[in-house]
2 protein chains.
Amino acid sequence: MPKRGMLIVLSGPSGVGKGTVRKEIFSREDNTFHYSVSMTTRKKRPGEVDGKDYFFVSKEEFEKEIENGGMLEYAKYVDNYYGTPLKYVNEMLDQGKDVFLEIEVKGAMQVREKVPDGLFIFLTPPDLMELRQRIINRGTDDLATIDKRMEKAVGEIEMMQNYDYAVVNDEVPKAAEKIQTIIRAERWRVKRFLPDYKKQLGLDDQQ
Amino acid sequence: MPKRGMLIVLSGPSGVGKGTVRKEIFSREDNTFHYSVSMTTRKKRPGEVDGKDYFFVSKEEFEKEIENGGMLEYAKYVDNYYGTPLKYVNEMLDQGKDVFLEIEVKGAMQVREKVPDGLFIFLTPPDLMELRQRIINRGTDDLATIDKRMEKAVGEIEMMQNYDYAVVNDEVPKAAEKIQTIIRAERWRVKRFLPDYKKQLGLDDQQ
(Lines give C-alpha, C1' and ligand atoms only; values in the text may rest on other atoms or scores of the structure.)
Protein backbone atom coordinates (compact mmCIF):
# COMPACT_ATOMS: atom_id res chain seq x y z
CA MET A 1 0.00 0.00 0.00
CA PRO A 2 1.47 3.39 -0.91
CA LYS A 3 2.00 6.03 1.72
CA ARG A 4 -1.21 8.02 2.15
CA GLY A 5 -1.19 11.39 0.40
CA MET A 6 -1.36 14.75 2.12
CA LEU A 7 -4.49 16.88 2.18
CA ILE A 8 -3.55 20.50 1.50
CA VAL A 9 -6.11 23.21 2.21
CA LEU A 10 -5.62 26.73 0.87
CA SER A 11 -8.07 29.22 2.29
CA GLY A 12 -8.37 32.87 3.24
CA PRO A 13 -10.73 35.82 3.29
CA SER A 14 -12.98 36.32 0.30
CA GLY A 15 -11.28 38.44 -2.37
CA VAL A 16 -7.72 37.63 -1.28
CA GLY A 17 -6.92 35.82 -4.53
CA LYS A 18 -7.01 32.14 -3.51
CA GLY A 19 -8.13 31.04 -6.99
CA THR A 20 -5.38 32.97 -8.77
CA VAL A 21 -2.67 31.56 -6.51
CA ARG A 22 -4.07 28.03 -6.86
CA LYS A 23 -4.10 28.37 -10.68
CA GLU A 24 -0.50 29.62 -10.59
CA ILE A 25 0.57 26.54 -8.60
CA PHE A 26 -1.31 24.17 -10.90
CA SER A 27 0.07 25.83 -14.05
CA ARG A 28 3.65 25.00 -13.03
CA GLU A 29 5.38 22.14 -14.76
CA ASP A 30 6.51 20.52 -11.54
CA ASN A 31 3.03 20.47 -10.03
CA THR A 32 2.15 17.08 -8.55
CA PHE A 33 -1.01 18.02 -6.66
CA HIS A 34 -4.47 16.80 -7.49
CA TYR A 35 -7.15 19.40 -7.44
CA SER A 36 -10.31 18.29 -5.73
CA VAL A 37 -13.36 18.78 -7.95
CA SER A 38 -16.23 20.38 -6.04
CA MET A 39 -19.86 19.32 -6.11
CA THR A 40 -22.59 21.88 -6.76
CA THR A 41 -26.31 22.17 -7.35
CA ARG A 42 -25.99 25.23 -9.56
CA LYS A 43 -26.70 24.94 -13.28
CA LYS A 44 -23.90 23.92 -15.59
CA ARG A 45 -22.70 26.90 -17.65
CA PRO A 46 -21.74 26.65 -21.33
CA GLY A 47 -18.31 25.07 -21.71
CA GLU A 48 -18.29 23.54 -18.23
CA VAL A 49 -17.64 19.82 -17.99
CA ASP A 50 -19.26 17.56 -15.39
CA GLY A 51 -16.58 15.87 -13.29
CA LYS A 52 -13.97 18.41 -14.33
CA ASP A 53 -15.24 21.88 -13.42
CA TYR A 54 -17.75 20.52 -10.92
CA PHE A 55 -19.76 17.45 -10.17
CA PHE A 56 -23.20 18.78 -11.13
CA VAL A 57 -25.97 17.24 -9.05
CA SER A 58 -29.56 18.01 -8.05
CA LYS A 59 -30.49 19.61 -4.77
CA GLU A 60 -31.92 16.26 -3.61
CA GLU A 61 -28.74 14.37 -4.45
CA PHE A 62 -26.61 16.94 -2.63
CA GLU A 63 -28.79 16.85 0.48
CA LYS A 64 -28.68 13.05 0.47
CA GLU A 65 -24.85 13.23 0.39
CA ILE A 66 -24.89 15.58 3.38
CA GLU A 67 -27.21 13.23 5.24
CA ASN A 68 -24.98 10.24 4.50
CA GLY A 69 -21.89 12.06 5.76
CA GLY A 70 -20.50 12.11 2.24
CA MET A 71 -19.37 15.76 2.24
CA LEU A 72 -15.95 16.75 3.60
CA GLU A 73 -17.24 20.33 3.74
CA TYR A 74 -20.09 22.28 2.18
CA ALA A 75 -21.89 25.60 2.23
CA LYS A 76 -24.99 27.17 0.70
CA TYR A 77 -24.63 30.36 -1.31
CA VAL A 78 -27.65 32.06 -2.89
CA ASP A 79 -29.83 28.93 -2.84
CA ASN A 80 -27.14 26.67 -4.25
CA TYR A 81 -24.95 24.13 -2.49
CA TYR A 82 -21.20 23.95 -3.04
CA GLY A 83 -18.97 21.38 -1.38
CA THR A 84 -16.20 18.78 -1.47
CA PRO A 85 -17.22 15.11 -1.82
CA LEU A 86 -15.33 12.98 0.68
CA LYS A 87 -15.20 9.90 -1.56
CA TYR A 88 -13.11 11.49 -4.33
CA VAL A 89 -10.66 13.02 -1.84
CA ASN A 90 -10.20 9.75 0.03
CA GLU A 91 -9.63 7.78 -3.17
CA MET A 92 -6.84 10.17 -4.19
CA LEU A 93 -5.23 10.15 -0.72
CA ASP A 94 -5.36 6.33 -0.55
CA GLN A 95 -3.51 6.21 -3.87
CA GLY A 96 -0.77 8.28 -2.25
CA LYS A 97 -1.71 11.43 -4.13
CA ASP A 98 -1.61 14.85 -2.52
CA VAL A 99 -4.99 16.55 -2.78
CA PHE A 100 -5.25 20.34 -2.96
CA LEU A 101 -8.41 22.09 -1.80
CA GLU A 102 -9.01 25.80 -2.35
CA ILE A 103 -12.00 26.69 -0.23
CA GLU A 104 -13.67 29.36 1.89
CA VAL A 105 -12.75 29.75 5.56
CA LYS A 106 -15.96 28.18 6.87
CA GLY A 107 -15.38 25.09 4.74
CA ALA A 108 -11.73 24.93 5.83
CA MET A 109 -12.81 24.77 9.46
CA GLN A 110 -15.12 21.84 8.66
CA VAL A 111 -12.17 20.04 7.02
CA ARG A 112 -9.91 20.81 9.99
CA GLU A 113 -12.32 18.92 12.23
CA LYS A 114 -12.56 15.90 9.94
CA VAL A 115 -8.94 15.73 8.79
CA PRO A 116 -6.76 17.04 11.64
CA ASP A 117 -3.56 15.93 9.89
CA GLY A 118 -4.31 18.06 6.84
CA LEU A 119 -2.03 20.97 6.00
CA PHE A 120 -3.87 24.27 6.45
CA ILE A 121 -2.51 27.38 4.73
CA PHE A 122 -4.08 30.82 5.14
CA LEU A 123 -3.66 33.34 2.35
CA THR A 124 -3.72 36.87 3.72
CA PRO A 125 -4.04 40.16 1.86
CA PRO A 126 -1.08 42.56 1.71
CA ASP A 127 -3.33 45.46 2.65
CA LEU A 128 -3.27 44.15 6.19
CA MET A 129 0.42 45.03 6.15
CA GLU A 130 -0.31 48.39 4.58
CA LEU A 131 -2.75 49.02 7.35
CA ARG A 132 0.00 49.84 9.80
CA GLN A 133 1.27 52.58 7.51
CA ARG A 134 -2.23 53.95 7.14
CA ILE A 135 -2.60 54.04 10.89
CA ILE A 136 0.67 55.92 11.23
CA ASN A 137 -0.22 58.36 8.45
CA ARG A 138 -3.60 59.12 9.87
CA GLY A 139 -3.77 62.20 7.67
CA THR A 140 -4.57 60.24 4.50
CA ASP A 141 -7.56 58.19 5.65
CA ASP A 142 -10.42 59.22 7.82
CA LEU A 143 -10.84 57.44 11.13
CA ALA A 144 -14.01 55.59 10.12
CA THR A 145 -12.21 53.92 7.20
CA ILE A 146 -9.28 52.96 9.43
CA ASP A 147 -11.59 51.55 12.06
CA LYS A 148 -13.43 49.48 9.48
CA ARG A 149 -10.18 48.08 8.09
CA MET A 150 -8.89 47.47 11.58
CA GLU A 151 -12.00 45.49 12.42
CA LYS A 152 -11.56 43.42 9.26
CA ALA A 153 -7.90 42.81 10.18
CA VAL A 154 -8.82 41.60 13.64
CA GLY A 155 -11.35 39.19 12.16
CA GLU A 156 -8.82 37.85 9.69
CA ILE A 157 -6.17 37.39 12.36
CA GLU A 158 -8.65 35.43 14.43
CA MET A 159 -9.23 33.11 11.48
CA MET A 160 -5.49 32.75 10.90
CA GLN A 161 -5.03 31.17 14.33
CA ASN A 162 -6.76 28.02 13.09
CA TYR A 163 -4.20 27.45 10.35
CA ASP A 164 -0.71 25.96 10.26
CA TYR A 165 0.83 28.58 7.96
CA ALA A 166 0.04 32.08 6.78
CA VAL A 167 1.25 33.49 3.47
CA VAL A 168 0.88 37.13 2.41
CA ASN A 169 -0.43 37.41 -1.15
CA ASP A 170 1.73 40.37 -2.13
CA GLU A 171 2.69 38.94 -5.54
CA VAL A 172 1.03 35.83 -6.97
CA PRO A 173 4.22 34.02 -8.12
CA LYS A 174 5.89 34.72 -4.77
CA ALA A 175 2.89 33.47 -2.81
CA ALA A 176 2.74 30.32 -4.99
CA GLU A 177 6.45 29.76 -4.39
CA LYS A 178 6.05 30.08 -0.64
CA ILE A 179 3.15 27.61 -0.61
CA GLN A 180 5.24 25.11 -2.58
CA THR A 181 8.12 25.56 -0.11
CA ILE A 182 5.77 24.98 2.83
CA ILE A 183 4.38 21.78 1.32
CA ARG A 184 7.87 20.50 0.51
CA ALA A 185 9.10 21.14 4.07
CA GLU A 186 5.98 19.63 5.59
CA ARG A 187 6.93 16.20 4.20
CA TRP A 188 9.85 16.13 6.65
CA ARG A 189 7.71 16.96 9.68
CA VAL A 190 8.39 14.20 12.18
CA LYS A 191 4.66 13.53 12.66
CA ARG A 192 4.34 12.76 8.92
CA PHE A 193 7.77 11.23 8.40
CA LEU A 194 8.29 8.95 11.41
CA PRO A 195 5.55 6.32 10.99
CA ASP A 196 6.67 5.59 7.44
CA TYR A 197 10.36 5.67 8.34
CA LYS A 198 9.97 3.20 11.20
CA LYS A 199 8.20 0.86 8.82
CA GLN A 200 11.13 1.08 6.39
CA LEU A 201 13.65 0.24 9.14
CA GLY A 202 11.56 -2.67 10.41
CA LEU A 203 11.00 -0.80 13.66
CA ASP A 204 7.25 -0.63 13.19
CA ASP A 205 5.75 -1.44 16.58
CA GLN A 206 2.23 -1.28 15.24
CA GLN A 207 1.96 -5.03 14.75
CA MET B 1 13.50 46.32 18.76
CA PRO B 2 14.00 43.89 15.88
CA LYS B 3 12.02 40.67 15.66
CA ARG B 4 13.73 38.04 17.78
CA GLY B 5 15.72 35.55 15.73
CA MET B 6 14.97 31.86 15.42
CA LEU B 7 16.98 29.24 17.28
CA ILE B 8 17.70 26.36 14.92
CA VAL B 9 18.96 23.11 16.41
CA LEU B 10 20.46 20.44 14.17
CA SER B 11 21.04 17.17 15.95
CA GLY B 12 21.10 13.44 15.33
CA PRO B 13 22.92 10.23 16.18
CA SER B 14 26.68 10.30 16.49
CA GLY B 15 28.33 9.56 13.15
CA VAL B 16 25.38 10.71 11.03
CA GLY B 17 27.31 13.64 9.56
CA LYS B 18 25.84 16.63 11.41
CA GLY B 19 29.09 18.57 11.15
CA THR B 20 29.44 18.01 7.40
CA VAL B 21 25.87 19.10 6.70
CA ARG B 22 26.27 22.15 8.93
CA LYS B 23 29.48 23.12 7.13
CA GLU B 24 27.72 22.70 3.77
CA ILE B 25 24.95 25.08 4.86
CA PHE B 26 27.42 27.63 6.20
CA SER B 27 29.56 27.46 3.06
CA ARG B 28 26.67 28.61 0.89
CA GLU B 29 26.64 32.18 -0.32
CA ASP B 30 23.08 32.81 0.79
CA ASN B 31 23.71 31.63 4.35
CA THR B 32 22.32 34.06 6.94
CA PHE B 33 22.63 31.88 10.05
CA HIS B 34 24.95 32.53 12.92
CA TYR B 35 26.82 29.56 14.26
CA SER B 36 26.93 29.31 17.99
CA VAL B 37 30.45 28.84 19.29
CA SER B 38 30.65 26.11 21.95
CA MET B 39 32.51 26.30 25.23
CA THR B 40 34.89 23.56 26.27
CA THR B 41 37.41 22.64 28.93
CA ARG B 42 39.53 20.55 26.58
CA LYS B 43 42.97 21.80 25.57
CA LYS B 44 43.24 24.10 22.56
CA ARG B 45 44.76 22.23 19.59
CA PRO B 46 47.28 23.83 17.23
CA GLY B 47 45.54 26.19 14.83
CA GLU B 48 42.38 26.54 16.93
CA VAL B 49 41.27 30.04 17.83
CA ASP B 50 39.62 30.95 21.12
CA GLY B 51 36.16 32.45 20.48
CA LYS B 52 36.03 31.01 16.99
CA ASP B 53 36.48 27.25 17.22
CA TYR B 54 35.55 27.15 20.89
CA PHE B 55 35.54 29.32 23.95
CA PHE B 56 38.35 27.62 25.86
CA VAL B 57 37.87 27.79 29.61
CA SER B 58 39.09 25.99 32.72
CA LYS B 59 37.09 23.27 34.43
CA GLU B 60 36.40 25.66 37.30
CA GLU B 61 35.09 28.39 34.99
CA PHE B 62 32.83 25.90 33.17
CA GLU B 63 31.39 24.52 36.40
CA LYS B 64 30.75 28.03 37.64
CA GLU B 65 28.79 28.76 34.44
CA ILE B 66 26.71 25.60 34.99
CA GLU B 67 26.04 26.66 38.57
CA ASN B 68 24.98 30.14 37.48
CA GLY B 69 22.55 28.73 34.87
CA GLY B 70 24.73 30.13 32.13
CA MET B 71 24.72 27.04 29.91
CA LEU B 72 21.95 26.44 27.38
CA GLU B 73 23.12 22.83 27.23
CA TYR B 74 26.22 20.90 28.19
CA ALA B 75 27.68 17.43 28.52
CA LYS B 76 30.83 15.79 29.76
CA TYR B 77 32.84 13.56 27.43
CA VAL B 78 36.02 11.84 28.55
CA ASP B 79 36.60 14.18 31.46
CA ASN B 80 36.00 17.32 29.43
CA TYR B 81 32.96 19.59 29.34
CA TYR B 82 31.39 20.77 26.10
CA GLY B 83 28.41 23.11 25.94
CA THR B 84 26.60 26.15 24.56
CA PRO B 85 26.82 29.40 26.53
CA LEU B 86 23.37 30.96 26.86
CA LYS B 87 24.64 34.55 26.82
CA TYR B 88 26.05 34.47 23.30
CA VAL B 89 22.95 32.76 21.88
CA ASN B 90 20.58 35.24 23.53
CA GLU B 91 22.58 38.23 22.30
CA MET B 92 22.33 36.99 18.70
CA LEU B 93 18.60 36.20 18.98
CA ASP B 94 17.86 39.61 20.51
CA GLN B 95 19.60 41.23 17.56
CA GLY B 96 17.14 39.39 15.29
CA LYS B 97 19.75 36.93 14.09
CA ASP B 98 18.97 33.27 13.51
CA VAL B 99 21.29 31.09 15.57
CA PHE B 100 22.26 27.63 14.37
CA LEU B 101 23.32 24.97 16.88
CA GLU B 102 24.76 21.64 15.82
CA ILE B 103 24.75 19.47 18.92
CA GLU B 104 24.34 15.97 20.30
CA VAL B 105 20.85 14.62 21.08
CA LYS B 106 21.17 14.93 24.84
CA GLY B 107 22.10 18.57 24.49
CA ALA B 108 19.24 19.14 22.04
CA MET B 109 16.75 17.87 24.62
CA GLN B 110 18.14 20.31 27.17
CA VAL B 111 17.62 23.13 24.66
CA ARG B 112 14.10 21.93 23.85
CA GLU B 113 13.18 22.38 27.51
CA LYS B 114 14.66 25.86 27.76
CA VAL B 115 13.66 27.15 24.30
CA PRO B 116 10.40 25.43 23.34
CA ASP B 117 9.91 27.70 20.32
CA GLY B 118 13.23 26.65 18.81
CA LEU B 119 13.24 24.75 15.52
CA PHE B 120 14.46 21.20 16.10
CA ILE B 121 15.76 19.22 13.14
CA PHE B 122 16.92 15.63 13.43
CA LEU B 123 19.46 14.34 10.93
CA THR B 124 19.03 10.64 10.37
CA PRO B 125 21.10 8.05 8.49
CA PRO B 126 19.66 6.55 5.24
CA ASP B 127 19.37 3.27 7.10
CA LEU B 128 20.86 1.59 10.10
CA MET B 129 23.17 -0.66 8.09
CA GLU B 130 24.69 2.35 6.45
CA LEU B 131 25.26 3.88 9.85
CA ARG B 132 27.03 0.67 10.83
CA GLN B 133 29.21 0.91 7.73
CA ARG B 134 30.07 4.52 8.45
CA ILE B 135 31.12 3.65 11.95
CA ILE B 136 33.23 0.68 10.74
CA ASN B 137 34.95 2.92 8.19
CA ARG B 138 36.04 5.23 10.95
CA GLY B 139 38.44 2.44 11.84
CA THR B 140 38.53 3.53 15.42
CA ASP B 141 36.22 1.06 17.16
CA ASP B 142 36.03 -2.70 17.60
CA LEU B 143 32.86 -4.65 16.73
CA ALA B 144 31.52 -4.77 20.28
CA THR B 145 31.65 -0.99 20.42
CA ILE B 146 29.96 -0.82 17.04
CA ASP B 147 27.10 -3.05 18.18
CA LYS B 148 26.71 -0.84 21.20
CA ARG B 149 26.56 2.21 18.94
CA MET B 150 23.95 0.48 16.76
CA GLU B 151 21.78 -0.06 19.78
CA LYS B 152 22.26 3.54 20.76
CA ALA B 153 21.29 4.60 17.23
CA VAL B 154 17.98 2.72 17.40
CA GLY B 155 17.26 4.53 20.64
CA GLU B 156 18.19 7.83 19.09
CA ILE B 157 15.86 7.24 16.17
CA GLU B 158 13.12 6.78 18.74
CA MET B 159 14.18 10.18 20.02
CA MET B 160 13.22 11.65 16.66
CA GLN B 161 9.77 12.01 18.17
CA ASN B 162 11.03 14.99 20.15
CA TYR B 163 11.96 16.91 17.02
CA ASP B 164 9.93 19.02 14.61
CA TYR B 165 11.53 17.71 11.44
CA ALA B 166 13.62 14.75 10.35
CA VAL B 167 15.94 14.84 7.36
CA VAL B 168 17.68 11.79 5.93
CA ASN B 169 21.35 12.44 5.26
CA ASP B 170 21.54 10.47 2.01
CA GLU B 171 23.57 13.13 0.19
CA VAL B 172 25.06 16.13 1.97
CA PRO B 173 23.98 18.83 -0.54
CA LYS B 174 20.44 17.40 -0.63
CA ALA B 175 20.20 17.27 3.15
CA ALA B 176 21.50 20.86 3.38
CA GLU B 177 18.91 21.94 0.79
CA LYS B 178 16.10 20.28 2.73
CA ILE B 179 17.17 21.95 5.96
CA GLN B 180 17.19 25.33 4.23
CA THR B 181 13.70 24.67 2.83
CA ILE B 182 12.43 23.72 6.29
CA ILE B 183 13.81 26.89 7.86
CA ARG B 184 12.34 29.03 5.07
CA ALA B 185 8.89 27.46 5.44
CA GLU B 186 8.99 27.68 9.21
CA ARG B 187 8.97 31.50 9.01
CA TRP B 188 5.38 31.32 7.73
CA ARG B 189 4.21 29.06 10.56
CA VAL B 190 1.26 30.85 12.13
CA LYS B 191 2.74 30.42 15.63
CA ARG B 192 5.88 32.34 14.53
CA PHE B 193 4.24 34.70 12.07
CA LEU B 194 1.21 35.85 14.02
CA PRO B 195 2.75 37.45 17.15
CA ASP B 196 4.99 39.63 15.00
CA TYR B 197 2.17 40.41 12.61
CA LYS B 198 -0.10 41.49 15.43
CA LYS B 199 2.65 43.66 16.85
CA GLN B 200 3.11 45.36 13.49
CA LEU B 201 -0.58 46.14 13.36
CA GLY B 202 -0.59 47.42 16.92
CA LEU B 203 -2.86 44.53 17.90
CA ASP B 204 -0.47 43.13 20.45
CA ASP B 205 -2.61 42.11 23.40
CA GLN B 206 0.36 41.14 25.54
CA GLN B 207 0.33 44.39 27.48
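Chain identifiers are assigned alphabetically (A, B, ...) following the order of the sequence lines, protein sequences preceding nucleic acid strands; residue numbering begins at 1 within each chain.
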Test your reading of the model: is there a side-chain donor-acceptor pair from Gln95(A) to the backbone of Met92(A), 3.5 Å cut-off? no
Output yes when a side-chain donor or acceptor of Glu48(B) lies under 3.5 Å from a complementary backbone atom of Arg45(B), and no otherwise. yes
Would you please go through residues 176-183 of chain A and name the residues with a non-hydrogen atom below 4.5 Å from one of chain B, in numerical order? Lys178(A), Thr181(A), Ile182(A)
Taking the side chain from Asp50(B) and the backbone from Phe56(B), do they hold a donor-acceptor pair closer than 3.5 Å? yes
Please tell me whether Tyr81(A) and Phe62(A) form a close aromatic pair, meaning their ring centres lie under 6.0 Å apart. yes
With chain B as the partner chain, list the residues of residues 102-121 of chain A whose heavy atoms fall under 4.5 Å from it, by residue number, and write 'none' if nothing qualifies. none
Please state whether the side chain, the backbone, both or neither of Phe193(A) comes within less than 4.5 Å of a heavy atom of chain B. side chain
For His34(B) and Thr32(B), which heavy atoms make the closest approach, and how far apart are they? CD2-O, 3.6 Å
Working for ring pair (Phe, Tyr, Trp, His ring centres under 6.0 Å), residues Tyr35(A) and Phe26(A): CA-CA 8 Å; Tyr35(A) 182 57; Phe26(A) 276 76; 5.7 Å; yes
Quick check against the 3.5 Å criterion: does Asn31(A) have a side-chain atom that pairs as donor or acceptor with the backbone of Phe33(A)? yes
Heavy-atom closest contact (Val99(A) atom, Val89(A) atom, distance): CG2-O, 4.0 Å
Which atoms form the tightest heavy-atom contact between Pro85(A) and Met71(A), and what is the distance? N-CE, 3.9 Å
Per-residue tally against chain A (heavy atom, under 4.5 Å) across Lys191(B), Glu186(B), Arg187(B), Arg189(B) peaks at Arg189(B)
Are the side chain of Asn169(B) and the backbone N or O of Leu123(B) linked by a donor-acceptor pair below 3.5 Å? no
